[in-house]
Structure formats: structure tokens, C-alpha cells
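Notes follow once the structure below has been shown.
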Amino acid sequence: MFPAAQSDALDPTRSFQGLLLTLQRFWAERGCVILQPYDMEVGAGTFHPATTLRALGPKPWKAAYVQPSRRPKDGRYGENPNRLQHYYQFQVILKPSPPNLQQLYLDSLRAIGVDLALHDVRFVEDDWESPTLGAWGLGWECWCDGMEVSQFTYFQQVAGVECAPVAGELTYGLERLAMYVQGVENVYDLNFNGGEGEDRISYGEVFLQAEQEFSRHNFEHANTEMLFRHFSDAETECKALLAAGWEERAAPAEVPEHYRDDPRYGAFGSPAVEQRHALALPAYDQCIKASHMFNLLDARGVISVTERQSYILRVRELSKACGAAWLKTAGGGAN
Amino acid sequence: MPDLLLELFSEEIPARMQRKAADDLRKLVTDALVERGLVYEGAKAFATPRRLALHIAGLPVRGRDIREERKGPRVGAPDAAVQGFLKAAGLASLDQATIVSDPKKGDSYIAVIEKPGQETVAAIAEIVPAVIRAFPWPKSMRWGKASSAGASLRWVRPLHSILCTFGAETEDTEIVPFEVDGIVSGNVTHGHRFHAPGAITVKRFDDYVTSLEKAKVVLDADRRKEIILADAKTLAFAQGLELVEDEGLLEEVAGLVEWPVVLMGSFEERFLEIPGEAIRATIRANQKCFVLRDPETGALANRFLLTSNLIASDGGTAITAGNGRVVRARLSDAAYFWQTDRGPLPDLDTFQASAEKLDLDLSKPLDQRMAKLDKLGVVFHAKLGTQGERVQRIAALARELAPIVGADPEKAERAAKLAKADLPTEMVGEFPELQGLMGRKYAELQGEDPSVSAAIEEHYKPAGPSDRVPTDPVSVAVALADKLDTLVGFWAIDEKPTGSKDPYALRRAALGVIRLVVENGVKVRLTGFLDRAFGRVSTAGRFAELDSIAEQATELNERVGRQFGLDVEAYVQAQLSPAAARAFIEKTEMGMLAAYADLLSFFHDRLKVMLRDQGARHDLVDAVLSKGASDDLLLITRRVAALGRFLDTEDGRNLLAGYKRAANILRAEEKKDGEGAFAGAPELQLIADAGLIEEKALAVALAQATPKAEAAVAAEDYEGAMAALAELRPAVDAFFDQVTVNDPDPALRANRLKLLNQLRQATRAVADFDRIAG
């Protein structure tokens with residue numbers, strides 16, 4: 001028997017899922033496409049192609065989604081009340097950034113139960129940069145009574161390309177916000193479903209075991225040899241897809257004879273031919289994969305300080321090339 | 001006279017940029033006004049998190065008329081010249097020109113152009129948009145729809161509105177009309193984001209400030225700081241505590257609020273087991289809160305002060321509770337770091353090689369961290385090797401320096417080997433500003449000798465001209481070794497400070513060396529140690545460069561060689577024959593020698609700056625430096641001091657005057673007779689037979705004083721040397737009063753000049769008096 005539906009169980013101050021649903025509804029009402037999480041391991045909601053790729057190009061775009069984020073290095077075997085190697089981000093991307101974005105953000109806080117007459121909300125400088133994505137932006141970390149609850153960024157560059165127009169990105173740390181509105185000190189004590197008594201499901205019941213097991217995996221057991229291999233596989237595949245995806249609408253005469261059958265030709269650029277890319281999204285998937293493999297290797301401590309930089313650069317090269325390819329697709333605004 | 005009020009209302013401006021932005025706004029606008037001949041009585045700029053404001057008082061309504069004369073051709077000049085003149089002067093015909101007569105050149109045309117002064121409002125309407133478009137933000141951004149286009153407006157964060165009014169005190173003001181990227185100037189602003197978000201219409205500065213104050217915005221950052229500081233002190237006092245003042249934090253916090261409300265929170269006492277500096281660092285860096293201490297014991301209290309931007313409806317209970325929760329989480333992290341850093345590291349067996357290399361005891365936590373730092377191969381600088389290599393060099397140098405500064409060489413070496421060991425600790429990773437201090441704490445906990453522990457912290461000192469100089473000999477040895485290694489390293493790879501650029505703080509390091517030596521009375525000739533330091537750095541550098549050439553050759557061979565059928569590698573290997581390698585090393589050696597000389601003169605420059613800051617005369621340093629032992633900084637300083645005191649006496653001043661006179665005469669006569677013509681000793685017999693009494697007296701005085709001065713200099717007794725010179729003064733004075741140097745008798749003349757030359761030599765034993773001004 002299912003318990004009778006309780007509407008106040010979905011009060012954002014009473015359940016984790018209520019908070020999540022409230023935010024989805026709030027942004028849906030403001031015209032956002034509500035997407036589901038991207039089905040790949042990513043370090044942050046920004047990696048979702050709905051942000052990284054859609055932030056590029058001239059087309060307007062509004063989307064919101066929850067994204068499970070994996071930070072292998074942040075695992076604490078379930079022993080730290082604030083740190084997780086897997087947590088949820090709620091991501092909003094609005095392109096172009098609307099003039100009232102700060103107000104919209106504050107309204108969303110109000111919607112999830114933050115009384116702005118009672119709590120001290122502040123915008124504190126925090127410029128965002130993702131070396132692996134070749135992206136940066138200016139903005140703030142949003143403080144609620146001294147706690148960072150969101151990240152607020154005006155993207156200036158993504159995948160090495162200047163954003164035109166600029167997109168505004170909001171990233172809510174859902175667990176932190178939920179801990180705040182529920183008044184809980186330990187993430188594992190969060191009420192997940194809003195139930196009471198034996199109907200109550202805590203965040204710990206859902207995720208504690210996973211935190212313990214994945215911490216073991218990330219720090220002790222992940223097969224580094226395999227990870228290195230997967231990294232280069234993903235890198236190779238990404239490059240291959242990027243090379244294979246170029247399609248030319250060129251006058252054949254303009255392509256030198258001996259290059260015509262060379263699939264790489266497009267990747268190296270040709271003059272005066274109009275190019276389209278047909279594999280930008282699958283190529284970007286491989287870039288995401290490489291990035292996650294790097295994060296796992298980093299957590300295992302097998303990448304030296306000097307190597308680290310070169311791995312970051314390798315992923316950045318992929319993401320830049322994916323960005324360039326995306327701009328030659330319909331989604332990227334190519335005609 | 002009318003006033004200008006300008007406000008640029010935006011989303012939150014980073015706290016660290018506000019003050020400079022306000023200054024820039026004032027300077028850019030007032031400079032542009034003055035350039036157009038619009039002078040003003042006063043200007044003041046303000047910044048809050050959401051606005052930059054500028055008030056300029058006492059501007060004229062319009063600028064002064066400008067009358068300009070333009071000279072034209074003579075009357076009757078060819079038509080082409082006349083037409084050119086009319087065009088340039090903007091005249092329709094010669095009727096509009098004036099004719100001037102000149103008795104020599106005849107009549108010519110002149111155009112008088114009168115430009116009425118520009119209306120100030122019009123000038124502002126041109127100036128302000130230009131200033132906004134080219135504003136020197138350290139980082140700026142684009143936003144919104146407009147950012148689709150290439151050259152859209154950039155600002156630190158989205159700019160929302162511009163208020164700009166102009167007018168006299170007694171009259172209504174007018175809006176200065178302009179537009180920047182779709183933002184039209186107006187007379188409306190907004191108050192506090194939560195307390196008074198509505199529109200406020202403003203006339204001029206006075207009502208602007210009062211309206212904002214009513215709308216819970218304190219415009220002036222200095223007033224916000226005063227409020228925060230006063231409230232913080234009051235709250236602390238009420239609890240019998242004392243505020244740990246922090247100007248940098250106060251400045252930042254004042255830039256995070258428009259309406260400061262100071263609140264006190266607390267955390268569990270058990271967190272006080274974490275070192276106080278770490279508690280302060282985490283609360284300061286992450287939460288921007290002040291900490292408090294017990295005025296009796298000086299120990300930190302389990303309280304903090306936060307500055308909120310809100311008059312909360314519950315009096316701040318929720319805000320305090322929320323901040324407390326975050327502070328506790330942060331302190332939990334710090335406690336975790338504090339605990340982890342004292343425990344063993346995993347994978348200890350992989351550090352064995354590093355431990356052997358650096359003679360570390362892997363049963364001790366800090367030794368493990370040093371081994372880890374070495375093992376990880378963390379690069380200090382691409383051309384100067386890893387941190388591990390650097391520590392080895394510093395340890396060797398510290399050991400060598402130890403006997404000179406009176407330290408136990410074992411302790412100095414041990415301290416140097418642990419000096420950087422806290423870099424890979426969790427605590428220093430999180431709070432880099434705690435480097436050294438944490439090392440000391442961990443060293444104390446693992447039972448290091450107190451001098452060794454102290455040296456780990458103190459080897460970074462002095463960090464600036466006002467920082468304390470360590471006195472424990474072990475600290476002095478390691479501090480000197482660390483700084484000398486850094487200086488020598490960067491000189492060896494030719495990355496010296498230039499102009500205002502000194503990214504590795506090398507000036508500070510050199511000043512540190514000087515202060516360590518001088519203030520501790522360390523007698524050391526630097527060159528011996530520089531030699532060894534250069535040797536260590538450069539050996540590594542040289543061979544690294546040779547290696548990289550060989551590597552490049554191999555790589556080049558792979559890439560190009562094969563394609564063209566060339567064996568690049570063999571070619572380069574041939575080039576790298578023993579002879580070629582030697583030549584390369586010798587060339588490097590020459591570079592090293594030049595770098596070495598340059599570093600020594602850098603020390604001299606720093607010493608001059610330091611002594612000048614202490615009030616010593618610049619020329620005295622030069623006078624002393626030209627006289628031997630220029631690598632003994634202590635000696636130089638003492639000589640400068642002795643010379644300064646001597647020249648402050650009447651004897652000193654007169655002797656200097658006498659010296660200058662002697663030197664001038666000698667210079668003139670040497671031009672006639674040739675350099676060194678008067679080098680020898682004077683003939684005493686000739687003086688006895690034909691000399692004047694004053695001449696004899698000077699000869700006697702010189703014979704007595706010169707050996708005394710020389711002996712004193714040899715014994716490094718500069719007061720004694722000066723006293724010996726002072727004895728010469730009556731004889732010198734009398735000599736110049738009574739004796740004619742250029743006697744008609746050539747023998748007498750030469751003899752007297754030789755006497756003066758002896759005087760010159762005697763003073764030169766002490767300092768080069770030629771370099772002394774006056």
C-alpha cells in the first residue's frame with residue numbers, strides 16, 4: 001500500500017526532492033526547457049552539452065536541469081558531513097543573459113523558502129574558470145548567511161570561443177541549499193522524500209553506501225592502467241569523430257585533387273568552402289569521457305604535477321575542437 | 001557655482017576593486033574637464049557594492065571663450081596661398097581677416113578665430129560616456145542581448161543605470177543628457193537591494209546622500225568602515241573580549257555591504273585546540289569574519305564577528321546561526337587538516353629514496369611531508385629545478401653559513417631540510433599564508449630542537465622592511481641560505497627584477513639578507529658564499545641545458561631528420577664534442593661571472609636604499625663602497641655610520657674642505673705635469689731646509705696620522721681611523737692659510753704637491769672623499 005499523497009511532503013523546506021521539484025517548476029514557469037540529467041559522468045553541470053555547447057553560437061536558449069556531479073577527489077568515505085564525491089547541481093542557463101537575472105535568482109530563493117527579510121543574501125566576487133573546458137566568466141558566489149549556496153556566472157568564453165551573446169549561468173548546490181532550508185548539519189540527515197516516521201527516507205539511506213564504495217573505488221581500486229587506456233581511447237575517438245564529421249558544401253574544384261578522398265581534409269580547414277559538422281555531439285561525449293577519466297586518475301594520485309598540466313591541455317584541445325565543430329551545426333547557429 | 005553628480009549603478013562590484021574604481025572615475029572625469037578648460041573647486045568619488053558615485057563641486061556653467069590668432073600670407077601674396085589660408089582658418093573671404101603691419105616684413109593677413117566656451121553640460125555629456133567606455137577595470141565583461149554584437153559595452157558587471165545631474169545649489173538641476181549602449185542618463189537611483197529597492201529621484205549630491213541613507217545605503221566606504229569597527233569593538237567589549245583588528249579584512253567587508261550590521265556568533269570551544277592562526281585564517285578567508293581574543297591571555301575566544309548587509313526581521317538570530325554553521329564546518333575541516341598533517345602518510349615505502357637523499361626520518365610526520373615534496377617532483381622554477389633540489393642546496397649553504405653566524409651546523413642543516421616540509425601539508429595547501437608557521441607547529445610536536453622549530457618559521461623573515469629580523473643563529477643561517485639561494489638562482493638564469501616588475505620578490509630577499517647581516521652584526525664576506533651558491537645552481541642549470549639540446553636533437557631527428565634523410569642527432573652529437581661542450585660551459589661561466597658582479601651591485605643598491613631610508617647620505621655609501629671589502633655588508637654599514645658622524649663634526653667638515661682644496665690643486669697641476677707626477681714621498685730635507693713652518697707641521701702630522709689611520713682601518717676601527725684623520729685638520733688649515741703651493745721654485749712646488757698627495761692618500765685609506773658631496 002502506498003501512503004496517501006501528502007502535498008506538504010513536497011514543501012522545499014521539508015524534502016530534498018521537494019526543493020528540486022520547486023526549482024524545476026520555478027524555472028519551467030519562466031520559459032526554460034526542463035531537461036533531465038545528462039547520462040554521462042561529469043564533474044559539474046556545466047559539462048552538460050545543454051550548457052557547454054548551447055552557450056556557443058547566436059541562438060537564444062533557456063534550459064534548466066539537475067545534474068549529478070562526480071568529483072572523485074572529494075570523496076570522504078561518507079565520513080565528512082559536507083563533502084561528497086557525488087552530489088547534485090541544479091543548473092540554469094539563459095542565453096542571452098536577461099537584464100533581471102539577479103532578481104530572478106532571488107525570486108527562486110524565495111520560492112524554495114528562503115525569507116529574504118530574515119537571511120543575508122550577498123553576491124561575493126568569484127570569477128569562474130574551467131581550464132579543461134577552455135571557458136571563463138565573471139560573476140559571484142551567492143552567499144546565504146555566509147554560506148555559498150550558488151554560483152552565478154556570465155559566460156564570456158566557452159571552448160575557447162567568445163560568447164556572443166553572453167549566457168547567464170546559475171548553479172545551485174542542492175544539498176547545501178537543502179541542508180540550509182531544512183536546518184540540518186549533516187548532509188546524510190537530509191530528509192529526502194519528506195516522509196515522516198517510517199516513511200521518512202534520508203539522504204544517507206539513498207547515498208551513504210555509494211559514497212563509501214565509490215571513495216574506495218576512486219582512491220584505492222580504480223584500475224589506473226585501464227583508466228589511462230580509456231583516456232587515450234576517448235581522446236582518439238573524439239579526434240576521429242571530429243575529423244570524420246566535417247562535411248563540405250564546397251565546389252569540388254576548390255579542393256585539391258590529391259586531398260579529395262582524405263577524410264581529414266576538412267579538419268585542417270580549406271579555403272572558401274562552406275563546412276558543416278555532422279558529429280559534434282558524439283565527439284563532445286568523448287571529450288566528457290576523457291575529462292572524467294582524468295579526474296579519476298587525478299584522485300588516484302598517479303598524475304604528477306607536471307603531467308597534470310599536459311592532461312588538462314589535452315582535454316582543453318578536445319573541448320575547443322568540439323566547440324568549433326558545434327558552431328558548424330544547426331544548434332550552433334550554422335545555416 | 002553648479003555641481004555635478006554622477007552615479008553608475010550596477011550589479012555587485014568586487015570589493016577589492018571598488019576603491020581604485022572610485023579614484024579612477026574621479027581622475028578620468030576631472031582630468032577631461034580640466035583639459036577642456038573647465039576647472040572645479042573640489043571632487044570626491046565614492047563606491048558601494050552596487051554603485052560608483054562622483055561629486056564635483058564648483059564647476060562653471062560654460063568654459064572660457066578661446067581666442068586664437070592664425071597668421072596668414074602677406075598682402076598681395078599669390079592666390080593659392082590666400083586660398084589655403086582662408087580654408088585653414090575657416091574664413092569665407094579676405095574681408096573676414098585683419099591686416100597687420102610690420103615695419104620690417106610689411107603688411108600681412110591674420111585671422112582671429114573666436115570660439116565660445118563649451119557649455120559644461122555638453123562637455124560632460126561627451127566626457128562621461130567616453131570615460132565609461134574606456135574604464136580601466138582590472139577585468140571586465142559583456143552581458144545581455146547587446147553582447148551579440150562585437151563591440152558592446154564592457155563593465156565590471158552588468159551596468160543598469162546612470163544618474164547624472166548638473167546645476168547650482170539654489171536652482172533645479174538638469175539631467176546631463178547622454179546614452180551609453182542603450183542606457184540613458186537620468187536622475188533616478190535605487191536604495192538597498194532588500195530594504196529600499198524602489199526608485200529614488202535625486203536632484204543633487206546633498207539630497208542624494210540623505211536619500212540613500214534613508215534607503216539604507218551608506219555611500220562613503222570610510223564611514224562604513226568606521227561603523228563596522230566601532231560596532232565590532234562595542235560588541236567585543238560587552239563580552240569582555242578584544243577585537244583582533246585587521247585592516248585588510250575591514251576594507252574588504254566594507255566593500256561587501258551597503259548597510260553594515262555587525263553580529264556576534266560563536267563556535268564550540270573544542271575547536272580552540274586548532275592553532276589560533278589557522279582559526280583566524282579560515283574564518284577570515286572563507287567567511288570574511290573577524291575573530292576575538294581574551295585581552296588578558298591574548299588567546300583566541302570561541303567567538304567571531306560577522307558583518308551582514310541586512311537589518312533582519314528577527315534581529316539577526318537566523319543570520320548568526322547560519323554563519324555559525326558555516327564557521328563550524330570550516331573549523332571541522334581545519335581540525336581535520338590539523339589532525340591529518342600530524343599522522344602518517346600512505347605509501348610511505350615509495351618515499352624511501354627521497355628520505356635517503358635528504359637524510360629524513362620517515363617515522364616523523366614532517367619528515368614524511370618533505371620526502372613527499374621531493375618525491376612528487378614539485379617544480380620550484382622550470383630552470384631552477386624542483387623543491388627537493390632547492391632544499392638540498394639551501395641545507396648545504398645553511399650548514400656552511402652556520403659557523404659564521406654562531407649556529408650549530410647540524411641544527412642549521414636539519415632546519416633547512418624541514419623548512420619547506422609544510423608546503424605539502426593539508427593546512428598550508430588550504431591556507432598558503434600559514435607556511436612556515438605550520439611547519440614550526442608540526443616540528444614542535446615531533447620533538448624537534450626549539451631552535452630548529454623556530455627556524456622553520458623564521459627562515460621566511462624578514463618579509464618586508466618593517467618585519468622582525470630573526471636573531472636565533474639557526475634561524476639566521478637558514479634565512480640567509482634560503483634568500484641567497486633564491487637570489488643567486490634567479491640571477492643565474494637572468495630573471496632579475498626590472499622596473500616595477502619583481503615577481504619573485506628579489507628586492508625583498510636582498511634587503512632581507514642585508515638586514516639579517518647588519519642587525520645581527522654578522523661578519524661575513526658574501527662572495528665566498530655566492531661562489532658556492534652559484535656553483536650549485538649553475539651546475540644543475542648547465543647540464544640541464546646540454547641535456548635539453550640532446551633531447552631536442554633526438555626529437556628533431558624523429559620529426560624532420562627522417563623525412564629529409566638527415567641524421568640531425570648525429571650532427572648535434574658531433575657539435576657536442578667535449579671541446580664544444582667545454583666552450584659552451586665556459587661561455588656559461590662568463591655569463592655567470594657577469595651575473596655575479598651584477599648581483600653584488602644589486603646588494604649595494606639595496607643597501608643604499610636602506611641606508612638612505614634610515615637617513616644616511618647616499619654619497620657616503622658610494623665613498624665607502626669604492627674602498628675595498630665591498631662584499632662585507634656589516635663593514636660597509638659601520639663605515640658609513642662612522643664617516644657620517646665624522647663629517648658632522650667641525651673637524652670632519654674642515655678636513656673635507658681641506659681635502660677638496662688639495663684634490664683640486666693636484667688635479668690642476670697633474671694636468672700640467674702629468675698623472676702621477678707627484679706620487680713619491682716629499683723630500684723631508686728640502687722641507688727642513690727651505691719649507692715654511694706650516695709645511696713642516698703638515699709633514700709631521702701626516703707622518704703621524706697616516707700610519708695610525710691605516711692601522712685603525714686594518715683593525716676595522718673606523719672611529720679610530722676618523723680620529724686619526726681629525727688630527728690632521730689644524731695642520732691642513734694652517735698649511736692652506738700660509739703656504740703658497742705653486743712656489744716659483746720648481747723644487748719647492750713639486751715637494752708641496754707631493755705633500756698634498758700624501759694627504760689625499762691618507763684620506764683614501766678611509767674613504768673616497770671625492771665622492772662625498774659638499
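Chain naming here is simple, since letters A, B, ... match the order of the sequence lines and numbering starts at 1 in each. Worth saying up front: this structure is predicted, and the values here are computed from it rather than measured.
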Using a 6.0 Å cut-off, check whether atom NZ of B:K288 has over 12 heavy atoms from anything other than its own residue. yes

Any chance the side chains of B:E11 and A:Y154 put a donor and an acceptor closer than 3.5 Å? yes

Interchain contact, B:H160 with chain A, by part (heavy-atom threshold 4.5 Å): side chain

Looking only at non-hydrogen atoms, find the nearest pair between A:P165 and B:G144 and report the distance. CB-O, 3.8 Å

With only heavy atoms counted, which part of B:S140 is less than 4.5 Å from chain A, the side chain, the backbone, both or neither? backbone

Go through the steps for B:N286 and A:E148 under the test side-chain contact (heavy atoms from CB on, under 4.5 Å), then give the verdict. CA-CA 10 Å; B:N286 296 310; A:E148 183 193 344; over 6 Å; no

For B:Y336 and A:E79, run side-chain contact (heavy atoms from CB on, under 4.5 Å): C-alpha distance rounded to whole Å, both residues' side-chain angles, the deciding distance at 0.1 Å, then the answer. CA-CA 11 Å; B:Y336 170 78; A:E79 284 162 16; over 6 Å; no

What are the two closest heavy atoms between A:G146 and B:N323, and how far apart are they? CA-OD1, 3.3 Å

A cation-pi test, strictly: NZ or CZ of B:R325 under 6.0 Å from the centre of the six-membered ring of A:Y180 and no more than 45 degrees from its axis. Yes or no? yes

For B:R142 and A:C163, indicate whether the former's side chain and the latter's backbone hold a donor-acceptor pair under 3.5 Å. yes

When rounded to the nearest 0.5 angstrom, what distance separates CD in A:Q156 from CZ in B:R154? 6.0 Å

Interchain contact, A:L94 with chain B, by part (heavy-atom threshold 4.5 Å): neither

CE (B:M141) and CG (A:D127) are apart, to the nearest 0.5 Å, by 10.0 Å

Taking NZ, NE, NH1 and NH2 as the nitrogens, is one of them in B:R157 or A:D126 under 4.0 Å from a carboxylate oxygen of the other? no

In Å, rounded to the nearest 0.5 Å, how long is the span from CH2 of A:W143 to CD of B:Q287? 5.5 Å

Any idea which heavy atoms bring A:R122 and B:S308 closest together, and the distance? NH2-CA, 3.7 Å

Proximal component of B:V327, with respect to chain A [non-hydrogen, under 4.5 Å]: neither

Rounded to the nearest 0.5 Å, what's the gap from CD1 on B:I13 to CZ on A:F123? Could you check? 14.0 Å

Does A:R83 pair with B:D333 as a salt bridge, N-O distance under 4.0 Å? yes

Quick one: does B:E12's side chain have a donor or acceptor within less than 3.5 Å of a partner on A:V124's backbone? no

Distance from A:L138 atom CG to B:K139 atom NZ, nearest 0.5 Å? 6.0 Å

Using modelled atom types and a 3.5 Å cut-off, is there a donor and acceptor pairing between side-chain atoms of B:S147 and backbone atoms of A:V166? yes

Positive for side-chain contact (heavy atoms from CB on, under 4.5 Å) with A:D120, one of B:T307, B:N309, B:L263: B:N309

Return the minimal non-hydrogen interatomic distance between B:L310 and A:A117, and the atom names on each side. CD2-O, 3.6 Å

Write down the atom of B:F194, the atom of A:V121, and the distance for their closest heavy-atom approach. CE1-O, 3.6 Å

